[in-house]
Amino acid sequence: MNKMILKSLKKTWFWISLAAVSVCAAALIFLLAIQAHSIPSQPIQLPSTSTLLSMEMEQIKEDKSTGIVTVTDTTDMEALLSALSRSRKTSRQSVNDSPNEDNYLIIRLKMKEGEKKLYLFSAGKHCYLEEPYVGIYRIDKEANTSIYAFYEKNTH
């Protein structure tokens, strides 16, 4: 009789333990999901056109440059900055000097006090803007297309 009671208690504790672990795992997943959604979608910090001297754009395809476009016209720089500002920070970390992609566009923002380098690239179904060691931002496809169209128009 004692063996039957002991066996019954072991089964009961097993099921209680399994239920407790399941509840804890579900709670952890729920809290992580809430935290991910509570991260504000911060825009990228860009200089104003008053501090911007010029912009350079250079497309890299399979480790080769397809040419550099220098932009000095204030109207063009404003349009490009406007397109770049349509990006929002992701939870992905930037841990490289340049993206681990074969094709990307380097955007150099030349200012009086230095230079800011950004990388525009596509990965999967999405487009991204990366500022090395600062963050990776998701940019909408229309902004990505308009920036690449500007580059293409001015390289030929």
Side-chain angles (χ1 to χ4, degrees), residues 17-156:
S17 298
L18 184 62
V21 168
S22 298
V23 167
C24 287
L28 181 61
I29 291 170
F30 178 73
L31 290 173
L32 289 173
I34 287 175
Q35 182 184 13
H37 287 293
S38 67
I39 297 171
S41 58
Q42 302 167 345
I44 191 167
Q45 297 297 313
L46 297 169
S48 67
T49 51
S50 63
T51 62
L52 199 58
L53 301 172
S54 67
M55 295 174 76
E56 283 183 2
M57 303 169 77
E58 178 180 14
Q59 187 168 11
I60 304 297
K61 286 187 176 182
E62 298 171 6
D63 294 328
K64 293 182 182 163
S65 174
T66 61
I68 296 175
V69 171
T70 302
V71 183
T72 55
D73 180 70
T74 306
T75 306
D76 289 339
M77 288 192 296
E78 284 175 353
L80 289 166
L81 286 175
S82 176
L84 291 170
S85 71
R86 291 167 43 192
S87 59
R88 295 292 176 255
K89 192 164 186 144
T90 67
S91 58
R92 294 174 58 187
Q93 299 291 317
S94 174
V95 295
N96 297 309
D97 291 332
S98 61
N100 291 328
E101 302 293 328
D102 290 334
N103 301 314
Y104 54 89
L105 185 69
I106 303 171
I107 302 169
R108 294 180 191 91
L109 306 174
K110 307 264 185 174
M111 300 162 286
K112 295 172 188 168
E113 63 277 351
E115 178 181 289
K116 181 181 271 205
K117 196 181 285 188
L118 306 171
Y119 296 90
L120 187 62
F121 62 94
S122 297
K125 297 179 184 177
H126 302 291
C127 304
Y128 297 97
L129 185 63
E130 182 171 355
E131 184 175 359
Y133 305 105
V134 174
I136 298 176
Y137 302 79
R138 191 159 158 200
I139 190 166
D140 64 62
K141 288 192 187 271
E142 294 82 23
N144 182 64
T145 302
S146 69
I147 294 167
Y148 270 100
F150 180 89
Y151 173 80
E152 291 290 325
K153 181 179 85 173
N154 290 285
T155 54
H156 302 280

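Numbering starts at 1 and runs along the sequence shown. Remember, predicted model here, so these are calculated numbers, not experimental data.
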With Tyr104, which of Tyr148, Tyr128, Tyr119, Phe121 fulfils ring-ring contact (aromatic ring centres under 6.0 Å, His included)?
Tyr119
For the student: nearest non-hydrogen atoms of [X] and [Y], plus distance:
X: Lys112; Y: Ser50; value: NZ-O, 3.7 Å
X: Ile60; Y: Ser65; value: CD1-CA, 3.9 Å
X: Leu109; Y: Leu118; value: CD1-CD1, 4.0 Å

Could you state the interatomic distance from [atom1] ([X]) to [atom2] ([Y]), rounded to the nearest 0.5 Å?
X: Gln59; Y: Ile107; atom1: CD; atom2: CD1; result: 11.0 Å
X: Glu56; Y: Thr72; atom1: CD; atom2: OG1; result: 11.0 Å
X: Met55; Y: Thr49; atom1: CE; atom2: OG1; result: 10.5 Å
X: Tyr151; Y: Thr155; atom1: OH; atom2: OG1; result: 5.5 Å
X: Asp63; Y: Asp102; atom1: CG; atom2: CG; result: 7.0 Å
X: Cys127; Y: Leu120; atom1: SG; atom2: CG; result: 7.0 Å

Using distance only, find each side-chain donor-acceptor pair of residues 133-141 under 3.5 Å and give its atom names and separation, not counting sequence neighbours.
residue : atom : partner : partner atom : Å
Tyr133  : OH   : Asp97   : N            : 3.4
Tyr133  : OH   : Asp97   : OD1          : 2.8
Arg138  : NE   : His126  : ND1          : 3.1
Arg138  : NH2  : His126  : ND1          : 2.5
Asp140  : OD1  : Arg86   : NH2          : 2.9
Asp140  : OD1  : Glu142  : N            : 3.2
Asp140  : OD1  : Ala143  : N            : 2.8
Asp140  : OD2  : Arg86   : NE           : 3.1
Asp140  : OD2  : Arg86   : NH2          : 3.4
Lys141  : NZ   : Lys125  : O            : 2.5

Side-chain touch [X]/[Y], heavy atoms, less than 4.5 angstrom:
X: Leu80; Y: Met57; result: yes
X: Lys116; Y: Gln45; result: yes
X: Ile106; Y: Lys117; result: yes
X: Leu52; Y: Leu81; result: yes
X: Met77; Y: Asp73; result: no
X: Asn154; Y: Asp76; result: no

Should we count CD of Glu113 as having more than 12 external heavy atoms under 6.0 Å?
yes
Output yes when Arg108 and Glu58 qualify as a salt bridge under the 4.0 Å nitrogen-oxygen rule, no when they do not.
yes
Between Arg92 (side chain only) and Lys89 (backbone N and O only), is there a donor and an acceptor less than 3.5 Å apart?
no
Is it the case that the side chain of Asn96 and the backbone of Pro99 share a donor-acceptor pair, with hydrogens and angles ignored and the cut-off at 3.5 Å?
no
Using the test side-chain hydrogen bond (donor to acceptor under 3.5 Å, both in side chains), find all partners of Thr51 that sit at least two apart in sequence or belong to another chain.
none
